[in-house]
Amino acid sequence: MIVILEPNLTPASAEYQSVRQYLQSLPNITLREHQEHGAQQVLTEFYLIGDTAALSKETLENLPGVDRVVRISKEYRILGRHRDDHRPTAFEYNGVTFSQDTLTIFAGLCAVDNPTHVEQMLRALRDHGQVCTRMGAYKPRTNPYSFQGHGKSCLPYVFELAGKYAIKVIAMEVTHENHVLEIQQALQLTGNPTGVLLQIGTRNTQNFELLKAVGRQRQFPVLIKRGFGITLEESLNAAEYLASEGNARVIFGLRGMKTNLADPHRNFVDFAHVPVVKRLTRMPVCIDPSHSVGSRHSGPDHILEILQVTAQGVIAGANMILVDFHPHPNLALVDGPQALTLDELGYFIQDVQIARRAYEQRVALATAKRLI
Ligand code: PEP
Ligand code: MN
């Protein structure tokens, strides 16, 4: 059960204290407090864990200072979408809003290789009106002898160049909690010219100690990818780990499932789960067409399969697209074969816009049909 206080009630206020005291006095209930800092207001939520079946929703709702009470199912307590649950799905970070209603493109390098390529990428994004990108500095690789990413040494120039081209948010994978510290330090050193969306990669979806560490920090929002070989439920529980530690600014990423049945794609595209994740949780949903398809093949209609699956995700309501580009894919140190070129950026954006318009028309049609 969640008891949500009226906005902006501070811990110093009498109502806050008396609600907390009352909840603490309930038998067989453990209390967890969570504060949601929005752009305009601070929301306090008390999570009641334990024997809540006998509690009366009305009694709790009548306590002075309580705005409303939500009865939740066991799963995904914080990030889940529960019955009568009208908590917002949106959060803002560094001037960019993420929600289940928005769509944001994160096109960029799979891995940072050198300042020239970073700058070419960022300039192209700026020229196409984009304010977000992806840039990997820490790369988890299957082969220990493959390029592992430049790590913290590249962060200062990546952040400075991002600032130069007015990029607001960089999606960047971390594989160890020290990486979060290195990112914090590099941002501080360069005067916070940009923001970072911490990415948990598919190989770390169930690295619970990493999830707890990333969940404890509140500075950066988090993109968590679905684990490539586990159930959707297990991956959503992994996302809930982040929230249970205090960080509920979480985006859930679909990137395909590892199975031979995906051949000739790199992973089996799972974007049919976009609406499922939106139904079960309040997280914005990201799709990664590059790591799903893994190649630049196109059909007889000349449409690249990467663009085909992007459109499939967007027409189903995806909220974020993480997609690999490179100025010279043949020179890329990681995942060159799936990279789109800078010449294709404008075309990619246009194609996404077509699919987004189709999604919006479908929502309008479904809404109209419900009213009849
Ligand atoms: C990536 O986005 O760079 C990446 C490694 O993705 P995944 O964790 O989905 O393999
Ligand atoms: Mn990659």
Side-chain angles (χ1 to χ4, degrees), residues 104-113 117-118 121 132-144 146-151 154-155 158 169-176 179 183 196-207 210-211 214 220-230 232 234-236 238-239 242 250-259 262 265-271 273-274 277 283 285-296 305-306 309-310 313 318 320-341:
T104 312
I105 300 174
F106 280 66
L109 304 180
C110 178
V112 171
D113 45 17
H117 291 156
V118 170
M121 184 72 238
C132 296
T133 189
R134 58 155 297 146
M135 295 265 159
Y138 309 95
K139 300 303 299 178
R141 305 303 301 281
T142 305
N143 185 329
S146 303
F147 172 63
Q148 304 282 313
H150 287 307
C154 70
L155 298 180
V158 169
V169 188
I170 305 175
M172 183 174 276
E173 179 166 357
V174 290
T175 60
H176 192 282
H179 299 159
I183 290 170
V196 171
L197 170 65
L198 298 177
Q199 184 176 324
I200 305 284
T202 195
R203 290 157 191 79
N204 275 314
T205 307
Q206 284 188 312
N207 181 341
L210 177 65
L211 296 177
V214 169
F220 308 109
V222 186
L223 164 66
I224 180 168
K225 297 262 197 109
R226 177 184 193 169
F228 58 59
I230 57 177
L232 182 62
E234 286 164 330
S235 292
L236 294 178
L242 297 162
V250 183
I251 299 169
F252 189 79
L254 298 170
R255 47 81 72 205
M257 306 301 293
K258 197 181 187 77
T259 156
H265 286 170
R266 185 172 173 182
N267 289 287
F268 204 92
V269 182
D270 54 351
F271 300 167
H273 280 168
V274 168
V277 179
M283 287 184 279
V285 182
C286 172
I287 52 166
D288 178 341
S290 304
H291 290 84
S292 297
V293 170
S295 65
R296 289 184 46 95
E305 284 160 24
I306 289 178
V309 303
T310 302
M320 171 175 162
I321 306 165
L322 195 70
V323 55
D324 289 3
F325 274 76
H326 198 283
H328 305 285
N330 55 323
L331 301 180
L333 297 178
V334 184
D335 285 348
Q338 70 194 25
L340 303 177
T341 64

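Count residues from 1 along the sequence. We count ligands from 1, going down the list as the structure has it; atoms in each ligand are counted the same way.
For ligand 1, the 4.0 Å heavy-atom shell takes in Cys110, Arg134, Lys139, Glu173, Gln199, Gly201, Thr202, Arg203, Lys225, Arg255, Asp288, His291, ordered by chain and residue number.
Thr133 places a side-chain N or O within 3.5 Å of a backbone atom of Ala107 that can act as its donor or acceptor partner. With His150 contributing its side chain and Asp113 its backbone, the two residues share a donor-acceptor pair below 3.5 Å.
Not counting sequence neighbours, the partners of Pro329 by the side-chain contact (heavy atoms from CB on, under 4.5 Å) test are His326, Ala339, Thr341. Judged as a side chain to side chain donor-acceptor pair (under 3.5 Å), and not counting sequence neighbours, the contacts of Glu305 are His265.
Of all protein N/O/S atoms, those under 2.8 Å from the Mn ion (ligand 2) are Cys110 SG, His291 NE2, Asp335 OD2, and waters are not counted.
When the options Arg226, Arg255, Lys225 are evaluated for a salt bridge (charged side-chain N to carboxylate O under 4.0 Å, His left out) with Asp288, the one that passes is Lys225.
Residues Asp335 and Arg266 are paired through a salt bridge, judged by an N-O separation under 4.0 Å between the basic side chain and the carboxylate.
Here the side chains of Ile183 and Val174 are in contact, with some heavy-atom distance below 4.5 Å.
Here Ile251 contributes atom CD1 and Thr104 contributes atom OG1; the two are 7.5 Å apart, rounded to the nearest 0.5 Å.
Taking each heavy atom of Gly227 and Met257 in turn, the nearest pair found is O-CE, 3.6 Å.
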